[in-house]
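Proteins come first, then strands; the chains are lettered A, B, ... in the order of their sequence lines, and each starts at number 1.
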Amino acid sequence: MISGYVKIGKARNSLDLYWRMVGEDVEPNGFTLSSVIKACSVLGELSLGRGFHGVVFRRGFDTNNVIVSSLIDMYGKNKESSDALRLFGEMVEPDSICCTSVISACTRVDLYEEALGFFYMTQRKYRFVPDEYTFGSILMACGNLGRLKQGKEVHAKVILVGETSNVVVGSSLVDMYGKCGSVTNARLVFDRMTRKNAVTLSALLNAYCQKGLAAVRQAKEVHCQYLRRGGWRDIVVESALVDVYSKCGCIDFAYRIFKQMVLRNLVTWNSMICGLAQNGRGMETLKALNDMIEEGTVPDYITFVGVLFACSHAGLVDEGRKNFNSMTEEYGIKAGVEHYNCMVDLLGRAGQIEEAESLLNKSDVSTDSSLWAALLGACATSRNSTAAERIAKKMMELEPNNHLSYVLLANVYRDVGRWSDADRIRKLMQDRGVKKIIPGKSWIDIQGSLTLGCVYSFAYINSKEPDSQALANIKHWIMNIYCDDDMM
DNA sequence: TTAGGGTTAG
């Protein structure tokens, strides 16, 4: 009965029943224990699970692999990967299921390198034959590390042990190829799959998302397959559709899908909000934020990246300030580099250099030179040479070999007619041996046609989240273009 | 008679 409850998803009932059983002095056996431990992993009951671990030990069940695997899994699902690993290490005769449980314990907490290392170690030591469960986690690790070569080796193993028809393995392969940037292979695996599910479709859509601006036709194709299936709605597929259409610039189309959705969660809202923001729909982004809150979904870190990005690009200074404050004060979200980047951009463009400067000085990210570079760029526009001197000095302290602080400061001096100061900075740069970094150029795919672009912009377009490095790169690139003819 | 591990979206 106890295991029956766990099986039908009523884990809480199984625990209640366990306590009744103990109350009536009935001794739990191995079956009881493995079932209640599983209930603990499902319910996230870590301390209770630890208690059962003690019971397992006291009753001498610690050599029972089924029970130990349930414990490893319980620790893994509760994000205690080191406990899971330790337990495996204590096993007398570990088996492949316990090995897979450890691997998934690692991938669950983003320890992909460790997951792969553990996989190869156990392969060598115990010669376990990986099965469909192992492949799922291993491919996830390869994908998240962007290891195409390793992923292909695992794919070969999948074929070797004959697991190609499994829908989970297939979906994991599609996802791995997509994350490694090999859209062709992702599509190839997808087309060869006889059974597909919502996960397969989302994985392929995500692969198209990584491809950037040229994916709209393929996305529509997947969308049609989804619609043809009919009868079922899937929140992950639909959120991925909102995301991919937004990224392709088809923002109205994305919005239509979004409006037609029966269920929306935090990710769905964020896809829509970030999509609107990136497509220059400032006011609509703010309205979406209001709707989200009204519908009872609490905004998070990513929501505000979208909102502040929208404010900065639409020049909505007051709204930007208001939302930045509400993010920290009302929602208790600690502002990150992305948020500060938007604020510097917003305030800088509005000429509020001092306000942006004091915001950065008060922040935890005041040592991030890319933020100061952005602010220095804003000084150039507003021709504020006093602030520029101060900010350039700060930047030179943080990154003495970055040519941008010299170039931008000299530009500001020149713009306000301080020619001798401009020459002085140029000379200082030469004396210190600071070299200008020439950005690499490459072909990028924009709306299906190849354009000579810049590797930095390519990295930006392809990054799932515009992280601080990507933003720094794009700023670097833009500044280099602006500085090229002007100064050096 | 009853017990263990896997994949997707911002």
Sugar-phosphate, base or nothing in reach of L204(A), heavy atoms under 4.0 Å: nothing

Distance, nearest 0.5 Å, that separates CG of N323(A) from CD of E330(A): 9.5 Å

More than 12 heavy atoms of other groups within 6.0 Å of R20(A) CZ: no

DNA chain B contacts among residues 120-136 of chain A, heavy-atom distance under 4.0 Å: D131(A), E132(A), Y133(A), T134(A), G136(A)

K38(A) side chain, from C-beta outward: closest of dG6(B), dG5(B), dT7(B): dG5(B)

Selected nucleotide, minimal atom distance to S171(A) side chain, candidates dT2(B), dG5(B), dT7(B): dT7(B)

Integer-rounded Å distance: dG4(B) P and I103(A) CD1: 19 Å

Under 3.5 Å donor-acceptor pair, S70(A) side-chain atoms to dG4(B) base atoms: no

Sugar-phosphate, base or nothing in reach of S239(A), heavy atoms under 4.0 Å: base

Selection from dG4(B), dA9(B), dG6(B) that lies nearest to any side-chain heavy atom of D175(A): dA9(B)

Between dT2(B) (P) and I2(A) (CD1): distance, integer Å: 15 Å

Selection from dG6(B), dG4(B), dT8(B) that lies nearest to any side-chain heavy atom of V168(A): dG6(B)

Rounded interatomic separation in angstrom, taking CD from E163(A) and C1' from dG5(B): 13 Å

Closest nucleotide among dT8(B), dT2(B), dG6(B) to the K179(A) side chain: dT8(B)

Rounded distance (Å) that lies between atom C1' of dG6(B) and atom CG of N197(A): 12 Å

Interatomic distance where CD1 belongs to I97(A) and P belongs to dG6(B) [whole Å]: 11 Å

Results of salt bridge (Lys or Arg N to Asp or Glu O under 4.0 Å) for R195(A) - residues two or more places apart only: none

Check: F304(A) and S326(A) side chains under 4.5 Å, non-hydrogen atoms: yes

Enclosure of M121(A) CE (heavy-atom neighbours >12, cutoff 6.0 Å): yes

Touch class at under 4.0 angstrom, heavy-atom based, for V102(A) against every strand present: nothing

Any donor-acceptor N or O pair under 3.5 Å, side chains D73(A), S70(A): no

Sugar-phosphate only, base, or nothing, as touched by R108(A) at under 4.0 Å among non-hydrogen atoms: sugar-phosphate

Heavy-atom pair with the smallest gap, counting every atom of T268(A) and I235(A): OG1-CG1, 3.9 Å

Donor-acceptor pair present, T100(A) side chain and dG5(B) base, under 3.5 Å: yes

Sugar-phosphate, base or nothing in reach of L205(A), heavy atoms under 4.0 Å: nothing

N/O donor-acceptor pair, side chain D234(A) with base dA9(B), under 3.5 angstrom: no

Sugar-phosphate only, base, or nothing, as touched by C98(A) at under 4.0 Å among non-hydrogen atoms: base

Between dT7(B) (P) and I138(A) (CD1): distance, integer Å: 11 Å

Under 4.0 angstrom between N206(A) side-chain N/O and dA9(B) OP1 or OP2: yes

Under-4.0 Å side-chain N/O to phosphate OP1/OP2 contact, K247(A) with dA9(B): no

Within the 6.0 Å centroid threshold, strictly below: F57(A) and F52(A): no

Atom pair distance, as rounded to whole Å: CG in L33(A) and C1' in dT2(B): 13 Å

Selection residues 102-116 of chain A - residue pairs positive for side chain to side chain donor-acceptor pair (under 3.5 Å), sequence neighbours left out: D110(A)-Y112(A), E113(A)-R147(A)

Sugar-phosphate, base or nothing in reach of K196(A), heavy atoms under 4.0 Å: nothing

Touch class at under 4.0 angstrom, heavy-atom based, for N29(A) against every strand present: nothing

Spacing between F61(A) atom CZ and dG4(B) atom C1', to the nearest angstrom: 15 Å

Side chain of N265(A) (C-beta onward), nearest among dG4(B), dA9(B), dG5(B): dA9(B)

Closest nucleotide among dA9(B), dG6(B), dT7(B) to the A240(A) side chain: dA9(B)

Presence of donor-acceptor pair under 3.5 Å, side chain of S202(A) and base of dA9(B): no

